[in-house]
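These notes concern the structure reproduced below.
Here is the naming used below: chain letters follow the sequence lines, and residue numbers restart at 1 for every chain.
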2 protein chains.
Amino acid sequence: MRSDDNLFPDSSELLRLDNQVCFALYSASLAMTKLYKPLLDAIGLTYPQYLVMLVLWEGDQLTVSELGERLYLDSGTLTPLLKRLESAGLLARQRDAQDERRVRIALTDTGRALRAEAEKIPACVLQRTQCTLPELQALTSQLGTLRARLAPRRSHT
Amino acid sequence: MRSDDNLFPDSSELLRLDNQVCFALYSASLAMTKLYKPLLDAIGLTYPQYLVMLVLWEGDQLTVSELGERLYLDSGTLTPLLKRLESAGLLARQRDAQDERRVRIALTDTGRALRAEAEKIPACVLQRTQCTLPELQALTSQLGTLRARLAPRRSHT
DNA sequence: CAAAAATAAATTGCACACAATTTGATTGTC
DNA sequence: GACAATCAAATTGTGTGCAATTTATTTTTG
C-alpha cells in the first residue's frame with residue numbers, strides 16, 4: 001500500500017475550506033435564504049418568520065418553548081420575532097391562564113389567510129434548485145439525520 | 001394508477017416544516033455551529049471568524065472582496081469581523097498601494113501560529129458527527145452542487 | 001405552608017448577515 | 001484632462017442567534 005492510499009488526510013487537507021462540511025452547510029443555507037428572500041418579501045416575512053408560520057400553519061396554540069423545540073431556537077430569538085409577527089397582525093401572544101409562565105401563540109385570521117399566499121413558494125423553490133423532488137427528499141433526510149447526531153434531543157427526564 | 005401514487009404532493013404536504021430542505025439545511029447548519037462553539041471558544045474565535053482564518057491559512061494577502069468571493073459574504077459582514085480579528089492581533093488590514101480602494105489582509109505571526117491550535121478541530125468534529133469520512137465528503141459535495149445551483153457564480157464580464 | 005428549586009419568557013449584550021447608502025479611488029470616454 | 005461611470009470598502013439600519021441574566025410563576029421539599 002502506497003502512503004497516498006492512506007485513508008486519513010493530513011491536517012493540511014483537513015483544514016482546507018472546501019473540505020469542511022460545516023462550510024458547505026453554512027454557505028448552502030445562506031444561499032437558500034437568499035433564494036427565499038424575494039419570495040418572502042412579497043408576503044412580508046423574513047426567513048425565520050416564515051419558518052415560525054410554517055409551524056403555526058400545522059397547528060397553533062403552541063407555547064414559545066414548544067415552538068422553540070420544533071425549530072431548535074430559544075426565547076432570545078423567538079420573543080422579539082414573535083412580537084414583530086404580532087405587530088404585523090399575523091398572530092396573538094397571550095399568557096396561559098393555567099400557567100402564567102407560558103405564552104401561547106395563536107394565529108389571527110390574517111395569519112391563517114397568509115398560508116394561501118405561501119402555497120406557491122415551495123414549487124418556485126423546487127424549480128430553482130434544479131433538483132428532482134426525490135433528490136431533495138433524500139438530502140432533507142440526510143441532513144435531518146446529521147442534525148439529530150449533532151444536537152441529540154434531550155431525553156425529557 | 002391510484003391517486004396516492006401521484007408523485008407531486010399537494011400544498012399541505014409541501015408546506016410541512018419537516019419536508020423543507022431549507023429548514024433541514026438551516027437547522028443542521030445552526031447545530032453544526034453549536035458543535036464548533038466550545039472548540040472555537042478554546043482558541044478565541046467565532047465560527048465565521050474561523051472560516052476567515054481557514055481561507056487565510058490557505059493563503060493570505062487577499063483583498064476583502066476576494067475573501068468575500070471565497071466565503072460568499074459581503075463587506076458589510078466582513079469589515080467588522082476583520083476589524084475584530086485585527087484587534088485580536090491575528091491579522092493586519094492595509095490599503096493596497098497600487099489601488100487605494102482595496103484593503104489587503106495579511107496574517108500576523110500570531111495568526112499563522114493559531115493554525116497549530118486549530119489542527120485538532122476537524123478530527124473532533126468528525127468524531128462527533130458519527131459519520132464516516134466518505135459519507136461526509138459525499139454530503140459536502142452534494143451541498144456544494146446545491147449551493148452552486150442556488151447562487152450561480154457571476155460570470156466576470 | 002414557607003423556603004428553595006425549577007421552569008418559562010423576557011431582557012441584555014455581542015456578533016453576525018445583508019440591503020441600501022456613502023465615501024473615496026480608479027477607469028473609461030470624449 | 002475633465003467628468004461620468006465604475007468599483008472597493010465602509011457605514012447604517014434591521015433582524016436574527018445565542019449565552020447569560022433577570023423576572024415572574026409554579027412546583028417541590030422539609
Side-chain angles (χ1 to χ4, degrees), chain A residues 22-23 26-38 40-41 44-53 62-69 71-88 93-105 151 154 156-157, chain B residues 22-23 25-38 40-41 44-52 62-69 71-88 93-105 151 154 156-157:
Chain A
C22 70
F23 176 62
Y26 170 86
S27 56
S29 179
L30 292 181
M32 187 64 87
T33 303
K34 282 177 200 165
L35 174 60
Y36 274 87
K37 181 83 172 30
L40 293 177
D41 279 349
L45 294 176
T46 66
Y47 179 69
Q49 288 169 6
Y50 173 67
L51 296 179
V52 167
M53 294 304 289
L62 297 180
T63 66
V64 175
S65 297
E66 287 165 345
L67 256 176
E69 282 164 27
L71 294 168
Y72 309 99
L73 297 173
D74 72 1
S75 69
T77 301
L78 287 174
T79 297
L81 187 158
L82 291 169
K83 284 183 177 176
R84 282 179 207 111
L85 290 177
E86 185 176 42
S87 302
R93 298 159 58 249
Q94 190 159 25
R95 288 276 166 190
D96 187 309
Q98 263 65 50
D99 185 343
E100 290 271 351
R101 290 172 303 181
R102 301 173 196 266
V103 167
R104 273 193 197 283
I105 308 300
R154 279 180 296 276
H156 39 87
T157 320
Chain B
C22 69
F23 176 62
L25 269 172
Y26 170 85
S27 57
S29 179
L30 292 181
M32 187 65 85
T33 302
K34 282 178 200 164
L35 173 61
Y36 273 88
K37 181 82 173 28
L40 293 177
D41 279 349
L45 294 176
T46 66
Y47 178 70
Q49 288 169 7
Y50 173 66
L51 296 180
V52 166
L62 296 180
T63 65
V64 175
S65 297
E66 286 165 346
L67 256 176
E69 281 166 26
L71 294 168
Y72 309 99
L73 296 173
D74 71 3
S75 70
T77 300
L78 288 174
T79 297
L81 187 157
L82 291 169
K83 284 183 178 177
R84 281 178 210 112
L85 290 177
E86 185 177 42
S87 302
R93 298 159 58 249
Q94 190 159 24
R95 287 278 167 189
D96 187 308
Q98 264 64 51
D99 185 342
E100 290 270 351
R101 290 172 303 180
R102 301 173 196 265
V103 167
R104 274 194 195 281
I105 309 300
R154 280 180 294 277
H156 38 87
T157 319

Have a look at A/Q98 and say if it touches a base, only the backbone sugar-phosphate, or nothing, with a 4.0 Å heavy-atom cut-off.
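Sugar-phosphate only.
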Reckon B/R104 touches a base, only the sugar-phosphate, or nothing at all at heavy-atom distances under 4.0 Å?
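Counting heavy atoms under 4.0 Å across all strands, no contact is made by B/R104.
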[X] [atom1] - [N] [atom2] separation (whole Å):
X: B/D99; N: C/dT27; atom1: CG; atom2: C1'; value: 10 Å
X: B/D96; N: D/dA9; atom1: CG; atom2: P; value: 9 Å
X: B/L51; N: C/dA17; atom1: CG; atom2: C1'; value: 13 Å
X: B/L82; N: D/dA10; atom1: CG; atom2: P; value: 8 Å
X: B/Y36; N: C/dC16; atom1: OH; atom2: P; value: 16 Å

Dump the intermediate steps for side chain to side chain contact (heavy atoms under 4.5 Å, CB included) on A/K83 and A/R93, then the final yes or no.
CA-CA 8 Å; A/K83 284 183 177 176; A/R93 298 159 58 249; 3.6 Å; yes
Less than 4.5 Å apart, side chain to side chain, heavy atoms only: is that true for [X] and [Y]?
X: A/Y50; Y: B/F23; result: no
X: B/L73; Y: B/V52; result: no
X: B/T63; Y: B/V103; result: no
X: B/L85; Y: B/I105; result: no
X: A/Q49; Y: A/R84; result: yes

C/dA9, OP1 or OP2 - any side-chain N/O from A/T63 closer than 4.0 Å?
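For C/dA9, OP1 or OP2 has a side-chain N or O of A/T63 closer than 4.0 Å.
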Distance check: side-chain N/O of B/K83 vs OP1/OP2 of C/dA15, anything under 4.0 Å?
no
Without swapping roles, check the side chain of B/D41 against the backbone of B/G44 for a donor-acceptor pair under 3.5 Å.
no
Donor-acceptor contact present, side-chain B/R104 to main-chain B/Q94, <3.5 Å
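Here the side-chain-to-backbone pair does not exist.
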I'd like to know whether the aromatic ring centres of B/Y47 and A/Y26 sit less than 6.0 Å apart in this structure.
yes
I need a per-nucleotide contact map over nucleotides 12-23 of chain D, read 5' to 3'. Cutoff is protein heavy atoms under 4.0 Å; write B for the base, S for backbone only, - otherwise.
---SBBBB----
Nucleotides 1-7 of chain D: protein proximity per nucleotide (B base, S sugar-phosphate only, - neither; heavy atom, under 4.0 Å):
------B
